Amino acid sequence: MIGRGGCGGFCPSVILKLTLYRTFAITFSHSSYSSPSTTIMVITRSQALKHLRSEKSDGSTRAEVVTPRIVDVHIPTRISSDRPPVRFWYKNHRLVYRRVEKKSDSPWFRTAEEVSLSCLGRSSRVLKDLLEECRRNYLAELQGKTLVFEVKHGKWEQSTKRCRREMSTVLFDAETKAALLNDITSFLDQETREWYTKRGILYKRGYLLYGPPGTGKSSLSLSIAGHFDLDIYILNLASVGDGILASLFSRLPQHCIILLEDVDVATQNRSTDKEAAHSNSSASLTDKQAEGVTLSGLLNALDGVGSQEGRLLIMTTNYIERLDDALIRPGRIDQKIEFRLADMGIINQLFRIVFKDGKDGKKIERLGHEFAGLVPELEFSPAEVLSLLLEHRTSPESAIAGVEAWVAKVREEKRNKLKREGSWVHSE
Ligand SMILES: Nc1ncnc2c1ncn2[C@@H]1O[C@H](COP(=O)(O)OP(=O)(O)OP(=O)(O)O)[C@@H](O)[C@H]1O
C-alpha cells in the first residue's frame, strides 16, 4: 500500500506499508557504524510480499507464488541508525523504516506488524526500486536452492537452504522415476487444478515411498522439491502430538511438499488412540502428546478442512506391512513406490558418481563393473555402499581392494545387532 504523508505540503513524503505478521520481520543490520557499505537484511515470510516475487529472474512466472519464505537480502546502503525508526540512505534518498505492532485480524496470528518504508518527495519510485532490488536479490539467493522447513517449538521454521539435488543422482528404477515425474508434472499443471476444481475433487496428491533404511526415500523427496521448485516441509511424526499436527497442517502453504517420515509410528499408536477415546483426563492427553500422533489424529490432519489444497504429500516408511489400510487408501495415497537394496546397476552407478571426476572415464567404467561384481547384490543399501566408497574416495582401486573386508565387517555388525535385539526381546 502506498500512501502520502507529510508536513503541510512543503515536504510531502511517500510511505509504503507492508503488513507482516509477528513471526515475519524486516530487520536492518550492519557490521559497524563507520562501515561505508552496510547491509539491510530483509527477513520475511510474508505473503504480503508475494507480488514482489511473482516473477522469476528468468522472466517466467511461478503458477501461484504464495509460499511463505524466509529471505535474507543484502543491499549495500548507508544506515544512519539501527534503532527503529531506522533512517538510511538509498540511491541518494533518505528513507525511513518503521515497525509498529498491531492487533491482527488473522485467526492464526495474534499480533501483526505494520512495516513502513517512507521517504520525502512526491514519487514512490525509490521505494519501489528498493523492493525490486530486494526481490531480485531474493530470487538470486534462491537460485538452485531448496528451502527446507522443520518443526521447532510446535511451529514451522526454515531449517536450511539446500543446494538442489539433481534427480539423476537418486538411483532407482528408471521407468518408475520417469512415471513419477510425469505424474507430478501433470498434477502441478494449472489445467489439472482447474479440472479438479470444476469437479469438486480435492486437489491434492499423495505418494508413499517404502523400503529399507538408506535406500533413497528422503533423497528422492528433496530432489522432487528441487526439481519442481517447491519448498519442502519435513515432519517426523514421532516428535509431535495430534493437536500440533492439525495446527501444522493448517499452516502449510498451498504449494509445497509435505514429507511425513516414518508414518508407521502413527499406526503403532493405534492402541493409544482407543484408550484416549475412553479418557478425557488431561494426564492422558499429555501422554498422548509425548507418544507422537495417533492414527485418527493423522487421518484428521490429512483430511481436515485446514489441510491445504494443492499440496503434495509424501509419506515414507521402512515397514509398509505395519501401515493401516485407511492411511494408504486411494485418495490419501495415489502411488506407492518401493525402494530396494542396491542391485548391481545401482552399485555400479554409485561407483561412477563417486569417481566420475577422474580423468580416465573408460577406466572408471571398467573398475565400476569390477566393483559391482564384488559387492553382493540386494544385501546392502545404497547408503551402506556409498559409505564404503566415500572411505576410499581418493582411490577407486583401494575401494575395490577394500570390498571383501568391508562385506565381512558389515555382515558381522548386522549379526551382532540381530543378536542384541533377540536377547532384548527374550528379556522382555
Ligand atoms: N537410491 C539412492 N540413490 C542415491 N543415493 C542414495 C540412494 N539411497 C541412499 N542414498 C544415499 O544414502 C544416504 C541416505 O539416504 P536416504 O536418507 O535418502 O535414505 P532413506 O531411504 O530415506 O532412509 P531412512 O528410511 O532411514 O530414512 C544419502 O546420503 C543418499 O545420498
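This is a predicted model, so every value here is computed, not measured. Numbering of ligands and ligand atoms starts at 1, following listing order. Numbering of residues begins at 1 and proceeds along the displayed sequence.
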Checklist line | Any N or O of Gly216 closer than 3.5 Å to N or O of ligand 1 | finding: yes
Next item on the list: Would you please determine whether Thr316 falls within less than 4.0 Å of ligand 1 on a heavy-atom basis?
Entry: no
Next item on the list: Indicate yes or no: does Asp173 engage Arg340 in a salt bridge with an N to O separation below 4.0 Å.
Entry: no
Checklist line | Ionic contact status for Glu365 with Lys356, cut-off 4.0 Å | finding: no
Tell me: protein heavy atom nearest [atom], and distance?
atom                    : result
atom 21 (O) of ligand 1 : Lys217 NZ, 2.7 Å
atom 3 (N) of ligand 1  : Leu171 N, 2.8 Å
atom 23 (O) of ligand 1 : Gly214 N, 2.9 Å
atom 7 (C) of ligand 1  : Pro382 CB, 3.4 Å
atom 27 (O) of ligand 1 : Ser218 OG, 3.8 Å

Give a yes-or-no answer on whether the side chains of [X] and [Y] include a donor-acceptor pair shorter than 3.5 Å.
X      : Y      : value
Ser218 : Glu261 : yes
Asp262 : Tyr319 : no
Arg165 : Thr169 : yes

Against heavy atoms of [X], which atoms of ligand 1 measure under 4.0 Å?
X      : answer
Ser219 : 15 (O), 16 (P), 18 (O), 28 (C), 30 (C), 31 (O)
Asn318 : 25 (O)
Arg165 : 4 (C), 5 (N), 30 (C), 31 (O)

Notebook entry, point to check: Nearest non-hydrogen atom to atom 12 (O) of ligand 1 belongs to which of Ala383, Ser168, Ser221, Ala342?
Noted result: Ala383
Notebook entry, point to check: Counting heavy atoms only, which of Leu390, Thr215, Thr169, Leu386 is nearest atom 11 (C) of ligand 1?
Noted result: Leu386
Check: Does some side-chain heavy atom of Leu388 sit less than 4.5 Å from a side-chain heavy atom of Phe380?
Finding: no
Item checked: Worked verdict on Phe339 versus Phe172 for ring pair (Phe, Tyr, Trp, His ring centres under 6.0 Å) -> CA-CA 7 Å; Phe339 282 73; Phe172 67 108; 5.0 Å; yes
Cut-off 3.5 Å, no hydrogens considered: what does the side-chain donor-acceptor table look like for residues 406-413, sequence neighbours left out?
| unit_1 | atom_1 | unit_2 | atom_2 | d |
| --- | --- | --- | --- | --- |
| Arg411 | NE | Glu379 | OE2 | 2.7 |
| Arg411 | NH2 | Glu379 | OE1 | 2.9 |
| Glu412 | OE1 | Arg415 | NH2 | 3.1 |

